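Owing to the predicted nature of the structure, the values given are computational and were not obtained by experimental measurement. Each chain gets a letter, A, B and so on, in the order the sequences are listed, and its residues count up from 1. Just the heavy atoms: all of them, side chains too, but no hydrogens, waters or symmetry mates, feed the values below.
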2 protein chains.
Amino acid sequence: MQIREKLAAKGYRMTKPRQEIFNVLCHAPQSVLEIMSNLQKKKLQIDKVTVYRTLTSFVKLGIVEETQFKDKISVYELADQKHHHHVVCDTCGKIEDIELDENLLEEAAKKSSTFQIKSHHLEFFGLCRKCR
Amino acid sequence: MQIREKLAAKGYRMTKPRQEIFNVLCHAPQSVLEIMSNLQKKKLQIDKVTVYRTLTSFVKLGIVEETQFKDKISVYELADQKHHHHVVCDTCGKIEDIELDENLLEEAAKKSSTFQIKSHHLEFFGLCRKCR
DNA sequence: GACTTATTGCAACTCATTTGCAATAATACC
DNA sequence: GGTATTATTGCAAATGAGTTGCAATAAGTC
Ligand SMILES: [Mn+2]
Ligand SMILES: [Mn+2]
Ligand SMILES: [Zn+2]
Ligand SMILES: [Zn+2]
């Protein structure tokens with residue numbers, strides 16, 4: 001399903017800002033600041049508030065996923081991928097995808113907890129090749 | 001090693017606010033707001049800024065650990081325990097400790113990443129017994 | 001093309017956390 | 001103990017990510 005259809009299905013409209021923010025997100029997971037900077041590089045003037053609201057809508061529609069790392073700044077990435085996690089470089093902040101056998105995790109968690117577990121957040125931190 | 005010694009070892013001084021904030025943290029992992037409220041219950045007037053600065057120092061000295069959950073508010077807990085993770089109730093916010101076999105995690109991560117992995121953050125979300 | 005209403009941009013706001021600075025108090029030294 | 005040194009505190013003000021109100025604009029519908 002295309003982004004336009006996903007929007008329309010819930011009464012959202014396809015607009016220039018939404019299209020451009022989506023395009024920018026196609027390249028890499030990014031913070032709002034980085035999205036703004038990438039939009040400016042393309043000579044696009046889109047307000048920060050519009051970026052925030054667009055991302056909120058995208059998350060609601062399942063187009064985008066929001067993740068928070070140590071510094072409390074949200075990072076957004078397209079949700080069209082397999083469930084996965086991230087490794088963040090302590091020095092340069094570079095983010096790499098990482099896939100794990102989730103069964104291990106969920107099972108171990110269910111065994112040790114009285115909660116009904118529905119989801120999890122997992123991020124690794126360390127040094128990328130360059131910064132090592 | 002006592003807290004006073006840990007402080008002294010790095011040129012920090014033992015003060016009333018530090019002692020009281022430490023005492024309050026002995027009971028449960030808490031946010032700054034909760035720490036403030038617990039101090040007030042004990043008729044102690046300690047400025048919020050002092051709490052923040054004390055926690056920063058405690059983290060630096062390895063006395064306290066800082067964790068952030070979905071809502072971007074930091075929660076602090078004593079670091080004198082075994083490495084463990086948390087389950088957070090989506091409804092009431094209750095936090096429960098959870099222990100896992102970390103070997104699985106670290107190994108799986110090392111296999112799938114080019115980074116030199118040093119640490120990780122892992123939290124589970126779901127429903128506690130009451131809220132189920 | 002005109003109508004309806006979602007969306008945008010701007011300014012102002014919120015709220016956790018941080019910073020500057022003068023007053024205070026913990027340690028070290030006599 | 002008393003004094004000097006300097007870390008720590010409290011208050012006010014600043015910061016910065018994210019949110020909200022509102023009038024102007026533009027997508028979708030017919
Ligand atoms: Mn990713
Ligand atoms: Mn814990
Ligand atoms: Zn790096
Ligand atoms: Zn609950």
Trainee: For the pair made of NZ in B/Lys10 and P in D/dT6, what is the distance, rounded to whole Å?
Mentor: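 Taking atom P of D/dT6 as the reference, NZ of B/Lys10 is at 21 Å.
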Trainee: Test your reading of the model: is there a side-chain donor-acceptor pair from A/Arg18 to the backbone of A/Thr54, 3.5 Å cut-off?
Mentor: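 Absent.
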Trainee: So which of B/His84, B/Lys82, B/His85 actually passes side chain to side chain donor-acceptor pair (under 3.5 Å) with B/Glu99?
Mentor: B/Lys82
Trainee: Using heavy atoms to find the nearest nucleotide of DNA chain C for A/Ser57 and B/Arg4 separately, return the residue whose nucleotide is more 5′.
Mentor: A/Ser57
Trainee: Can you tell me the distance, in whole Å, between the CD1 atom of B/Ile3 and the C1' atom of C/dA26?
Mentor: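 It is 15 Å, rounded to the nearest whole Å.
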Trainee: Any donor-acceptor pair under 3.5 Å linking the side-chain atoms of B/Lys10 with those of B/Ser57?
Mentor: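 Distance-only check fails for B/Ser57 and B/Lys10.
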Trainee: Whether A/Ser74 contacts D/dA17 is assessed here as follows: a side-chain N or O lying under 4.0 Å from the phosphate OP1 or OP2. Is that the case?
Mentor: no
Trainee: Nearest-Å distance, NZ (A/Lys72) to C1' (C/dT18)?
Mentor: 11 Å
Trainee: Do A/Phe124 and B/Phe124 belong to the same hydrophobic cluster, where Ile, Leu, Val, Met, Phe, Trp and Tyr are linked whenever their side-chain heavy atoms lie under 4.5 Å apart, directly or via other members?
Mentor: yes
Trainee: Mind listing the residues from residues 45-56 of chain A sitting with a heavy atom below 4.0 Å of DNA chain D? Number order is fine.
Mentor: A/Val49, A/Tyr52, A/Arg53
Trainee: Just how far, in rounded Å, is P of D/dG28 from CD of A/Glu5?
Mentor: 13 Å
Trainee: Send over the distance from A/Gln68 CD to C/dA16 P, rounded to a whole Å.
Mentor: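 Result: 15 Å.
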Trainee: Nearest nucleotide by nearest heavy atom, which residue falls closer to the 5' end of DNA chain D, B/Leu7 or A/Tyr12?
Mentor: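 Upstream on the strand: B/Leu7.
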Trainee: Which of residues 13-20 of chain B have a heavy atom under 4.0 Å from DNA chain D?
Mentor: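 Hits under 4.0 Å, by residue number: B/Arg13, B/Thr15, B/Pro17, B/Arg18.
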Trainee: Within the 4.5 Å heavy-atom criterion, are B/Lys72 and A/Ser74 side-chain neighbours or not?
Mentor: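 Result yes, sub-4.5 Å side-chain heavy-atom pair found.
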Trainee: Stepwise, does the ring-ring contact (aromatic ring centres under 6.0 Å, His included) test hold for A/Phe69 with B/His121?
Mentor: CA-CA 9 Å; A/Phe69 300 106; B/His121 282 185; 9.3 Å; no
Trainee: List the steps, then state whether side-chain hydrogen bond (donor to acceptor under 3.5 Å, both in side chains) holds for B/Ser31 with B/Glu34.
Mentor: CA-CA 5 Å; B/Ser31 66; B/Glu34 292 167 324; 3.3 Å; yes
Trainee: Answer with yes or no whether the hydrophobic clustering places B/Met14 together with B/Phe58; edges join I, L, V, M, F, W, Y residues whose side-chain heavy atoms lie under 4.5 Å apart.
Mentor: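 B/Met14 and B/Phe58: one cluster.
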Trainee: Could you check whether A/Thr114 and B/Glu96, counting side-chain N and O atoms only, form a donor-acceptor pair closer than 3.5 Å?
Mentor: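 Looking only at side-chain atoms, A/Thr114 and B/Glu96 do form a donor-acceptor pair, the distance falling under 3.5 Å.
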Trainee: Tell me: NZ of B/Lys60 to P of D/dA7, nearest whole Å?
Mentor: 13 Å
